[in-house]
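What follows is a single structure, written as structure tokens, with notes after it.
Order of the sequence lines sets the chain letters (A, B, ...), proteins ahead of strands, with each chain counted from 1.
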There are 2 protein chains.
Amino acid sequence: MPAPLATRTEVLDRIMESFRKDGYDGASLETISKRVGLGKSSLYHHFPGGKEEMAHAVLAHLNEGLRETFDVVKAEPHPKKKLDLILDAIDALYEGGKKACLLARLGASVDRIRFGAPLKATFSGLMSVLADICRAAGLTAPIARHRAEQAIVRIEGALVVSAAMGDPGVFARTLAELRTTLLLPDRGR
Amino acid sequence: MPAPLATRTEVLDRIMESFRKDGYDGASLETISKRVGLGKSSLYHHFPGGKEEMAHAVLAHLNEGLRETFDVVKAEPHPKKKLDLILDAIDALYEGGKKACLLARLGASVDRIRFGAPLKATFSGLMSVLADICRAAGLTAPIARHRAEQAIVRIEGALVVSAAMGDPGVFARTLAELRTTLLLPDRGR
DNA sequence: GTCTATATTTGGATAGAC
DNA sequence: GTCTATCCAAATATAGAC
């Protein structure tokens, strides 16, 4: 609440923190207002559509941040370094497993609020970037897609389990294993 | 609202459905009341502590159901059959990935409501059962623990991603892969 | 044990001054 | 652009009849 100058990015970052921590339904305008450091009316000035518009704006904001990361990754030629870059970004985003995933939290309200499309888009984007890396490492397209899907599954699951167990180590171990195994050649079965 | 006789188990099952679908904050007494088929006052008669007590009761109810499954699993001697039994139960519980995980949903409110202990207990229980199966299949204790942890990570993650993508196939593929790989001998690295 | 009715609080949203 | 004050609806919870 201190910062007197709140740029739009800062505002969005803080609203994002509210939704991440409490979920869409658990985050009230009251608590968001306090966290952002702006009164409710000021929030409505920036987001006339209220809480729902805030959530959509936050999702778009997250997507923008991810796109920047993706651009950096694409500029890197080595597959393993690509992977490390993206997992570093994910590790930082969730602060080593101490913070929840916005997408998972908003997903809980997907039946009542219209988050379906942006949520799906974000996951799809992440998935195709990971699949690209897998293919660059020499894996076939179907295997690459499957690996990418399971990587995201494991990242999301690790965040859920880390939070429930109060143990960020779960997340750390999961990321570490992805780093060493995601690009390994396929061994068939 | 049909069932005129609502045994406590039925009531708990329906409340559980409410929390699974909408999360703790998203489930209102109004919607719970409708789903259960009892008026709000009747709910308070059964759960004087209100919504929070309902959630705790539902968690205890889930634990009881899991314990019964665990007992059946323990009676089965073959590791692979043990695994299949437990994954069948999980598949049924989440209806092939179409239903969300109560634990993940309640985890979103863990900072405001006191779910930490029961949540952790449930995950720990599931984890130790899976680890037992892995050890019975010949894996060492540390490997078994790690495999069990990652199995739960993947199950939870698959539920999150399936819901967000609107594709239960993610869950199905994840379970299928766990069936064929969880008990495989360790290959070192 | 369940209901109707009501109290109380909180949450989302707006009006209008500065 | 931000604030204070306020409105209205919804949510939690209780009282008391049956």
Between [X] ([atom1]) and [N] ([atom2]), how many Å, whole number?
X	N	atom1	atom2	result
B/Arg8	C/dT2	CZ	C1'	17 Å
B/Leu29	C/dA7	CG	C1'	15 Å
A/Glu30	C/dA13	CD	P	14 Å
B/Arg112	C/dG11	CZ	C1'	13 Å
A/Ile32	C/dG12	CD1	P	7 Å
A/Tyr44	D/dT4	OH	P	17 Å
B/Glu10	C/dG1	CD	P	15 Å

Let's see if you get this right: which residues in residues 46-57 of chain A place a heavy atom under 4.0 Å from DNA chain C?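 By residue number: A/Gly50, A/Lys51.
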
Is any side-chain N of the basic residue among [X] and [Y] closer than 4.0 Å to the acidic one's carboxylate O?
X	Y	result
A/Arg114	A/Glu52	no
B/Asp167	B/Arg173	yes
A/Glu30	A/Lys34	yes
A/Arg67	A/Asp71	no

Nearest to side-chain heavy atoms of [X], which nucleotide of [options]:
X	options	answer
A/Leu38	C/dT14, D/dC3, D/dT12	D/dC3
B/Lys40	D/dT2, C/dA13, D/dT12	D/dT12
A/His45	C/dG11, D/dT12, D/dT2	D/dT2

Listed by chain and number, what are the side chain to side chain contact (heavy atoms under 4.5 Å, CB included) partners of A/Ser128, not counting sequence neighbours?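 A/Ser128 satisfies side chain to side chain contact (heavy atoms under 4.5 Å, CB included) with no other residue.
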
Give the intermediate values and the outcome of ring pair (Phe, Tyr, Trp, His ring centres under 6.0 Å) for residues B/His56 and B/Phe115. CA-CA 7 Å; B/His56 276 100; B/Phe115 293 144; 5.2 Å; yes

How close do B/Leu139 and B/Leu184 get, counting heavy atoms only, and between which atoms?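 Shortest heavy-atom separation between B/Leu139 and B/Leu184 comes out as CD2-O, 3.7 Å.
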
Under 3.5 Å, is there an N or O donor on one side and an acceptor on the other linking the side chain of B/Ser41 and the base of C/dT4?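 Donor-acceptor pair under 3.5 Å: yes.
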
At less than 4.0 Å, is any side-chain N or O atom of B/Ser42 found next to OP1 or OP2 of C/dC3? Yes or no.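 It does, given that an N or O in the side chain of B/Ser42 lies less than 4.0 Å from OP1 or OP2 of C/dC3.
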
